[in-house]
Amino acid sequence: MPELPEVETVRQGLTKLVGGAKIDSVEVLYPKMINMPADEFASQLAGQTIERIDRRGKYLLFRLTNDLTLVSHLRMEGKYEVEPAGSTRPKHTNVVFHLDDGRELWYKDTRMFGKMALVANDAVMELSGLNKIGPEPTADDLSFTYLKERLHKSHRKLKAFLLDQSQVAGLGNIYCDEVLWMSKLHPEQPTNYVSDAEIEKLRDNIITEIAAAIKGHGTTVHSYSNAFGEAGQFQNQLQAYGRKGEPCRRCKTLMEKIKVAQRGTTFCPKCQVVHGDLSD
DNA sequence: GTTAACGCCTGAAGGC
DNA sequence: TGCCTTCAGGCGTTAA
């Protein structure tokens, strides 16, 4: 499932593969995933050049000519693939972009969760909801002051807070479990009782974990692969996610799995303990 | 205003 | 073997 590091890996791959490519025509095979009638979508994209591909949080932004941006969210299993024209398309190919150089860019999504929106550049932030997204998980954007203020203002469980894209951009289920384990914080810890020292540690771990995952080209869980069809390498470094019943890599206690905010959550019951005050 | 729960989807895995 | 149920989950929408 793509989280920020996977989306960034896809962005880099797509930039090399289709940056500068011109779109001849578009076939929409699953109209529900786009924000307008399929024929309108196709006619607006015909003749456009992909000038650049940006990313904000987990959203891909295809910058096109004529001041248009194609906003794409992969959700659970969305993938892009580039093949020669006429190649046999796999099941669940939702959108086909016919390029003028004899290639096709496919958007595939087995779970059909992904979304695409074609919007004017000056309306991108508003119409696609990007204006509600929190800071990127980097040292420059995610400050201690901001994180502390948001955490202490909230009364939620820590994992629910971290999954909320309006608080911090880019964290999904896997990296939440990872950074909470690294920070020795319980996923159900109330956010308003996280101490300064814990916030500093949490912030550091978010920033370093995401950076390391980007460097390792993302995590492979289930069927994720990047735009080149390569599997990410980062799954070999997972410490918490998916390790239910296995010994904690710090204290050897068996890892447990619970549900937090409707998500499967793996943690160490010894290292990660809920506390109700601000002491460390 | 804030937080929790639901629905969208398909395929894999488990139970019988 | 084959059918049925459960589970996986990001996020927009709806409810509390």
Side-chain angles (χ1 to χ4, degrees), chain A residues 1-11 28-36 55-61 71-80 89-95 106-117 119 124-134 136-137 149-180 187-194 210 213 218-225 235 238 240-245 256-267:
Chain A
M1 58 212 73
E3 300 186 21
L4 190 152
E6 289 74 30
V7 178
E8 175 59 22
T9 302
V10 170
R11 187 195 70 77
V28 179
L29 306 170
Y30 185 64
K32 276 184 76 172
M33 73 166 291
I34 59 174
N35 69 329
M36 60 177 71
R55 179 191 57 75
R56 176 74 175 95
K58 302 178 197 169
Y59 292 83
L60 287 168
L61 307 170
V71 183
S72 168
H73 198 299
L74 306 174
R75 294 286 181 99
M76 295 293 296
E77 298 200 11
K79 295 174 194 69
Y80 282 98
R89 297 168 194 165
K91 201 177 168 184
H92 306 306
T93 302
N94 291 359
V95 181
W106 298 339
Y107 177 76
K108 309 177 294 176
D109 193 342
T110 49
R111 224 164 279 192
M112 322 297 257
F113 268 18
K115 299 285 175 196
M116 272 184 206
V119 286
V124 166
M125 297 303 281
E126 192 180 348
L127 288 182
S128 52
L130 289 167
N131 54 349
K132 298 188 186 116
I133 295 180
E136 294 282 316
E149 184 193 321
R150 289 302 193 106
L151 283 166
H152 285 184
K153 199 178 151 192
S154 174
H155 303 272
R156 305 166 78 180
K157 292 170 179 174
L158 188 47
K159 177 156 176 181
F161 175 95
L162 293 176
L163 284 169
D164 184 346
Q165 301 298 298
S166 71
Q167 307 293 348
V168 180
L171 294 176
N173 205 36
I174 299 171
Y175 295 108
C176 278
D177 281 8
E178 292 302 302
V179 298
L180 287 171
E188 294 184 305
Q189 171 65 41
T191 53
N192 48 331
Y193 289 114
V194 180
I210 293 290
T219 306
T220 293
V221 174
H222 301 304
S223 55
Y224 168 76
S225 63
Q235 75 277 14
L238 293 181
Y241 183 86
R243 299 195 67 247
K244 175 193 171 188
E256 291 182 6
K257 187 171 180 180
I258 57 174
K259 262 227 151 81
V260 182
Q262 317 284 88
R263 308 287 150 68
T265 300
T266 311
F267 72 107

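Just so it is clear, the values below take in all heavy atoms, side chains as well, and ignore hydrogens, waters and symmetry mates.
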For this session: Quick one: label A:K157 by what it contacts on the DNA or RNA (base, sugar-phosphate, nothing), any heavy atom closer than 4.0 Å.
Result: nothing
Exercise. Do A:R75 and A:K115 have side-chain heavy atoms sitting under 4.5 Å apart?
Worked result: yes
For this session: Would you mind checking if A:R243 and A:D177 are paired as a salt bridge, meaning a charged N to carboxylate O distance below 4.0 Å?
Result: no
Exercise. Choosing from C:dA8, B:dC6, C:dG12, which nucleotide comes nearest the side chain of A:Q262?
Worked result: B:dC6
For this session: Looking only at non-hydrogen atoms, find the nearest pair between A:D109 and A:G114 and report the distance.
Result: OD2-N, 2.7 Å
Seminar exercise, completed: Rounded to whole Å, CG of A:L151 lies from C1' of B:dT3 at a distance of 15 Å
Exercise. Do A:F113 and the base of C:dC11 stack face to face, with centres under 5.5 Å apart and an angle between planes under 30°?
Worked result: no
Exercise. For A:R150 and B:dT3, what is the distance between atoms CZ and P respectively, to the nearest whole Å?
Worked result: 10 Å
Exercise. Under 6.0 Å from the NZ atom of A:K244, do we count more than 12 heavy atoms belonging to anything else shown?
Worked result: no
For this session: May I ask you to verify if any side-chain N or O of A:Y241 is less than 4.0 angstrom from the OP1 or OP2 atom of C:dA8?
Result: no
For this session: Respond yes when some side-chain nitrogen or oxygen of A:H92 is under 4.0 Å from OP1 or OP2 of B:dT10, and no when none is.
Result: no
For this session: Give one of base, sugar-phosphate or nothing for A:Y30, where a contact means two heavy atoms less than 4.0 Å apart.
Result: sugar-phosphate
Exercise. Of A:K259 and A:R263, whose closest DNA chain C nucleotide lies nearer the 5' terminus?
Worked result: A:K259
Exercise. Taking only side-chain nitrogens and oxygens of A:S154, does any of them come within less than 4.0 Å of OP1 or OP2 of B:dT2?
Worked result: no
Exercise. Hey, mind stepping through A:L74 and A:Y107 against side-chain contact (heavy atoms from CB on, under 4.5 Å) and telling me if it holds?
Worked result: CA-CA 9 Å; A:L74 306 174; A:Y107 177 76; 3.6 Å; yes
Problem set entry | A:K257 vs C:dC7: side-chain N/O to OP1/OP2 distance below 4.0 Å | no
Exercise. A:K58 near the nucleic acid: base, sugar-phosphate alone, or nothing, with a heavy-atom cut-off under 4.0 Å?
Worked result: sugar-phosphate
Problem set entry | Short side-chain N/O contact from A:K132 to OP1 or OP2 of C:dG12, under 4.0 Å | no
Exercise. Is any side-chain nitrogen or oxygen of A:R156 closer than 4.0 Å to OP1 or OP2 of B:dA4?
Worked result: yes
Exercise. If each of A:H155 and A:K91 is mapped to the nucleotide of DNA chain B with the nearest heavy atom, which maps nearer the 5' terminus, i.e. the 5' end?
Worked result: A:H155
